[in-house]
Amino acid sequence: MSTSANERDPLLPRLPYVDAGKKPKFSWLLPVLLMASISRGIFMFARFENHQKTFCPYSAYPCGYFSIWLELPSLTVMIQIWGVWASFLVSFMTVGRWSDLGDRRGRKFPLLLSVTGSVLINLIYLIVSNAGPSQDDARDLISIGLILEGLFGGFATYNGAVHAYAWDVASTPVSRLVLFGIIQGLSFVGFILGSAIGRATDYNISYILSFSIALLNLVFVYFILPESLDQPDAARPPHSSIFVSIFSPITIMFSGAGSSKYLPFLGLAFFMYSLTQAMQTTLLRFTLWSQYLRGLPRWLVLVTPRILELLTLLCILPCLAHFWKRKHGTTEHAALHLSGFASRNSILLATVSSTVILVFCMPENANVLYAIFAPLYSFSVVAGPALYALGGAYFVALGRGNQIGSLFGAFAVWRELALYLSYTMYGPGSSSIFWLTAFFLILSLLFLLPDAPAVENAEEVGVAQHDTGAPVEA
């Protein structure tokens, strides 16, 4: 049963909306992004090392050489499978509740919860690795820790909250896409840096480092990070019951006037594209194992696509937004069309890349074409941030701008599910990855074909949206 928007939830503290003397800006979020991604990178590598020494002789997952660039992303579907899926299921049921709380109370709540979950899971792994319990006890403790992490929202709640924070603090609607690209780029850099730190240290030490960084991040979020959401009680979404919030990742696409006409197609497009997440690392593995580009050094094959992705997110995307502002302005209408343009063309670029390789470069010939179109796939990385921005623009057009956090939480949890499925389907990497990728991308493009909802009085809508948020700058 719903209650009024003004009513407070029992047993939950109420943080101030805007911290006195602190102007919320995107720069405040950068330490949170870096600490979270570095801690996550260290933790995941330590999990791999711990698994190899504790469980690997009795597991189907192969022991041996570990590659940061190729193996780490698929780690989540290779080890502690039951605990990982249980954690995901719990986070699926809680992300709606915590994201809704973020829409009504402020973005710091879901951030605090998710970072607390990260602290707890790091602490449990630290205890297990140093206490030396039996294998059965270790598995049970790790499973409990993973479920606790999901109860606190898991990575999906964190990912949705940081996107919602960036949405609040963007100086213009068009700037949101740029900030989302920076989130993805910096998160990747921090993750790789953390993985390198984890590789350079013993896993017992790595757990101490990842726990310490996560705890420092928790302190930073609570005491230093200013709240980004500043809106009157009347503008907040209505309070939903716990039972209703369990199904929020699904119902968010259908509730609200006109939503069922646009949002289900966008949600399907987002999910279909997210099913190709394994392509980037699997393509690297395929290139190394095939006859293509044999004369190139291994490090060059691995590093070049990642550098192209970072250049696209941190340089090309801001330039695109800059020129778009000059030509189309900075209204909600311009932001919606920029997000649509970026998402469709990025997915189209990835489709062309995978299809050309599939048609003209198999079996293992046409090295020149492969050398052109395989790196081309890296430039399609814009599609992820663009689809987030497009979903937010749809919500604004439909008059649901006060539920942005719930939308991004739903997107994040569906993206996490797609990640697990993607690495399961793609496997070690064979020519079938190009069939799968082309299929999912074409479906994604088809679901993006319906017209976007119209933004009436774009100038006024853009001003109204910013009036309900904190006066901030990118």
Does [X] use its side chain to pair, donor to acceptor, with the backbone of [Y] at less than 3.5 Å?
X      : Y      : result
Trp98  : Leu151 : yes
Ser87  : Gly83  : no
Ser99  : Gly160 : no
Asp137 : Pro133 : no
Ser37  : Leu34  : yes
Ser39  : Ala36  : no
Ser175 : Ser171 : no
Lys108 : Val221 : yes
Gln277 : Ser274 : yes
Asn217 : Ile213 : no

Can a side-chain donor-acceptor contact be found between Asp140 and Ser143 if the only test is distance below 3.5 angstrom?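 No pair is found: no donor N or O on one side chain lies under 3.5 Å from an acceptor on the other.
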Judged by modelled atom types alone, do Tyr426 and Thr276 share a side-chain donor-acceptor pair under 3.5 Å? no
How about CG on Asn130, more than 12 heavy atoms from neighbouring residues, nucleotides or ligands closer than 6.0 Å, or not? yes
Are more than 12 heavy atoms, taken from residues, nucleotides or ligands other than Phe439, located less than 6.0 Å from that residue's CZ atom? no
Can you sort out the partners of Glu309 under salt bridge (charged side-chain N to carboxylate O under 4.0 Å, His left out), two or more places apart, ordered by chain and number?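 Only Arg306 meet the salt bridge (charged side-chain N to carboxylate O under 4.0 Å, His left out) criterion with Glu309.
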Can you tell me how the ring of [X] sits relative to the ring of [Y], calling it parallel under 30°, perpendicular over 60° and tilted otherwise?
X      : Y      : value
Tyr370 : Phe286 : tilted
Trp324 : Phe341 : tilted
Phe92  : Trp414 : perpendicular
Phe265 : Phe447 : tilted

Show me, pair by pair, the donor-acceptor contacts under 3.5 angstrom made by side chains of residues 381-396, not counting sequence neighbours?
unit_1 : atom_1 : unit_2 : atom_2 : d
Tyr388 : OH     : Asn159 : ND2    : 3.4

Smallest separation among heavy atoms of Ala214 and Val115, with atom names: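 Closest approach of Ala214 to Val115, heavy atoms only: O-CG1, 3.6 Å.
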Using every non-hydrogen atom in the two residues, find where Tyr165 and Lys25 come nearest and quote the distance to one decimal. CE2-O, 3.9 Å
Which pairs, with at least one residue in residues 133-156 and sequence neighbours excluded, count as a ring-ring contact (aromatic ring centres under 6.0 Å, His included)? Phe155-Tyr158
So do Thr281 and Tyr423 actually touch side chain to side chain, heavy atoms under 4.5 Å? yes
